[in-house]
Amino acid sequence: MVARRGGRGCACVAAGRSSPGSFARCRVGAGRRGNLGSCRPCPAEPLRGALADLDTLRAGAARADGVIHLAFDHDFSSPDTLAKSVAEEGAALAAPGEELVGNDRPLVTCSGTPYVPGRASTEADPLMTEGPVGGRGRAVTSVLGLSSRGVRSSAVRLPRTVHKQGSGGFAGMLTDIARRTGVSGYPGDDAQCWPAVHALDAAVLFRLALEQAEAGTSWHAVADEGDKVRDIATVIGRRLGLPAESVSAETFGPLGQIFASDQPSSSAYTRQALGWEPKHPSLLEDLENIQP
C-alpha cells in the first residue's frame with residue numbers, strides 16, 4: 001500500500017485484510033507487519049521512503065501480491081505546488097505499474113469522482129483530464145490502460161470529502177478556513193452539492209477492489225450522493241460558533257473553481273457489482289464531532 005502517514009492507508013489496513021506480501025508505504029513507513037506511522041498496530045511492515053523514491057516503490061511492488069496506491073501531497077497553497085503534487089503522483093503510479101506488468105497482480109489506485117453537468121456522475125463517466133487536477137485523471141487513465149499488459153488495474157474514485165471524526169477532505173478544508181477567517185464560508189449560490197464517504201467505508205471498497213475488481217474497471221466510493229455545500233458550512237459554523245456565509249471562490253485558492261462546482265456522484269453500480277454497502281455515519285452526522 002502506498003499512503004501518507006496518518007492518511008487513508010491506515011483505514012484501509014484497519015478495515016480489511018492485507019494480503020501476505022502486500023506493499024505498504026507512507027512518509028514514515030508502510031509494508032507488511034508493524035505500524036503505519038502514527039496508526040494503530042496493523043499487518044504491515046514499514047518500508048520507509050518518500051513518494052519520490054521510485055526505486056523503493058518498484059522494489060516494494062516487486063515483492064507484493066498487490067498494490068493499493070493512496071498517496072498524494074495535499075498541498076493546495078498555490079497552483080505551482082498543486083502541479084508539483086500531481087506530477088509527483090503520476091511518477092509514483094507509473095513505477096509500481098511497470099513492475100507489475102505481465103503477472104495479473106492487482107494495482108488499485110484512486111482518483112476523484114468526475115464532474116458531469118446536470119446530473120450525478122457514474123462509474124461509466126470518464127475522468128477530467130484538463131484543469132488544475134487534470135494530470136491526475138491522465139495518470140489514472142494510464143494505470144487502467146495497464147490492463148492490456150497483464151496488470152489487474154482498477155481505480156476507486158473518491159468523493160470530495162473522505163471523512164472521519166469530523167475531519168478530512170473538502171469539508172475539512174472548509175473547517176480549517178473557517179477557523180482562520182472567522183466565517184464558515186461556502187462558494188457560489190449554495191445550489192452545489194458535494195458527495196462524501198466515511199474513511200472506513202472507503203477502506204472496505206479498496207479491499208473489495210483489490211480482491212475482486214476486473215482489470216481496467218472504475219468504482220465509486222460514494223455514500224452520500226450529494227450534500228449541499230451550504231448545509232456543510234452551516235454545521236461547521238454552528239460547531240465553531242461562526243456565521244455561515246457565501247464567499248468568493250478565490251477564498252479557496254487554486255481549488256476555487258472545483259469548490260464552486262455542483263458535482264454529485266452515484267455509486268449504484270459499485271454497490272450492485274461488488275456488494276459494497278456503506279455503514280458508517282454520513283458527512284453531516286460526522287461533522288457534529290467538530291470541536292470549537
Legend entry - Enclosure of Y115 OH (heavy-atom neighbours >12, cutoff 6.0 Å):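 Buried by this count: over 12 neighbours within 6.0 Å.
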Does the [X] side chain pair with the main chain of [Y], one donor and one acceptor, at a distance under 3.5 Å?
{"X": "S85", "Y": "T81", "result": "yes"}
{"X": "T234", "Y": "R230", "result": "yes"}
{"X": "S248", "Y": "E250", "result": "yes"}
{"X": "D201", "Y": "K279", "result": "yes"}
{"X": "Q263", "Y": "V116", "result": "no"}
{"X": "R157", "Y": "S218", "result": "no"}
{"X": "R160", "Y": "F170", "result": "no"}
{"X": "Q291", "Y": "R239", "result": "no"}
{"X": "T175", "Y": "A171", "result": "yes"}
{"X": "D286", "Y": "Q165", "result": "yes"}

Do [X] and [Y] belong to the same hydrophobic cluster, where Ile, Leu, Val, Met, Phe, Trp and Tyr are linked whenever their side-chain heavy atoms lie under 4.5 Å apart, directly or via other members?
{"X": "L242", "Y": "I232", "result": "yes"}
{"X": "L255", "Y": "V229", "result": "yes"}
{"X": "L144", "Y": "V101", "result": "no"}
{"X": "L127", "Y": "F72", "result": "no"}
{"X": "I258", "Y": "M128", "result": "no"}

[atom2] on [Y] to [atom1] on [X], rounded to 0.5 Å:
{"X": "L107", "Y": "E99", "atom1": "CG", "atom2": "CD", "answer": "12.0 Å"}
{"X": "C193", "Y": "D262", "atom1": "SG", "atom2": "CG", "answer": "5.5 Å"}
{"X": "R152", "Y": "S147", "atom1": "CZ", "atom2": "OG", "answer": "12.0 Å"}
{"X": "T251", "Y": "F259", "atom1": "OG1", "atom2": "CZ", "answer": "10.5 Å"}
{"X": "H69", "Y": "L93", "atom1": "NE2", "atom2": "CG", "answer": "4.0 Å"}
{"X": "E123", "Y": "S266", "atom1": "CD", "atom2": "OG", "answer": "6.0 Å"}

Are [X] and [Y] close enough for a salt bridge, meaning some N to O gap below 4.0 Å?
{"X": "R271", "Y": "E277", "answer": "yes"}
{"X": "R58", "Y": "D53", "answer": "no"}
{"X": "E88", "Y": "K84", "answer": "no"}

Legend entry - side chain to side chain contact (heavy atoms under 4.5 Å, CB included) between V204 and W276, worked out: CA-CA 8 Å; V204 171; W276 177 67; 4.0 Å; yes
So which atom in [X] and which in [Y] form the shortest heavy-atom distance, rounded to 0.1 Å?
{"X": "A196", "Y": "H163", "result": "CB-CD2, 4.2 Å"}
{"X": "A233", "Y": "Y186", "result": "CB-CD2, 3.7 Å"}
{"X": "L274", "Y": "L208", "result": "O-CD1, 3.8 Å"}

Inset, instruction - Classify the side-chain pair S265/S121 by whether it contains a donor and acceptor separated by less than 3.5 Å. - result: yes
Inset, instruction - Examine the side chains of T217 and E214 and answer whether a donor and an acceptor come within less than 3.5 Å of each other. - result: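 Checked: T217/E214 side chains show no N/O donor-acceptor pair below 3.5 Å.
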Inset, instruction - Could you please spell out the steps behind the side chain to side chain contact (heavy atoms under 4.5 Å, CB included) verdict for L51 and D73? - result: CA-CA 9 Å; L51 190 58; D73 186 357; 5.6 Å; no
Legend entry - side chain to side chain contact (heavy atoms under 4.5 Å, CB included) partner of D227, the single match among L284, T161, V235: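 In the set L284, T161, V235, the residue that makes a side chain to side chain contact (heavy atoms under 4.5 Å, CB included) with D227 is L284.
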Inset, instruction - Start with the C-alpha distance between F206 and L70, add both sets of side-chain angles, then the distance that settles side chain to side chain contact (heavy atoms under 4.5 Å, CB included), and finish with yes or no. - result: CA-CA 10 Å; F206 275 101; L70 299 169; 3.3 Å; yes
Inset, instruction - Please work out whether the ring planes of H198 and H280 are parallel, tilted or perpendicular, with thresholds of 30° and 60°. - result: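 Aromatic pair H198/H280 classed parallel.
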Inset, instruction - Please test V133 against R138 for side chain to side chain contact (heavy atoms under 4.5 Å, CB included), starting from the C-alpha separation and ending with a verdict. - result: CA-CA 9 Å; V133 294; R138 294 191 294 273; over 6 Å; no
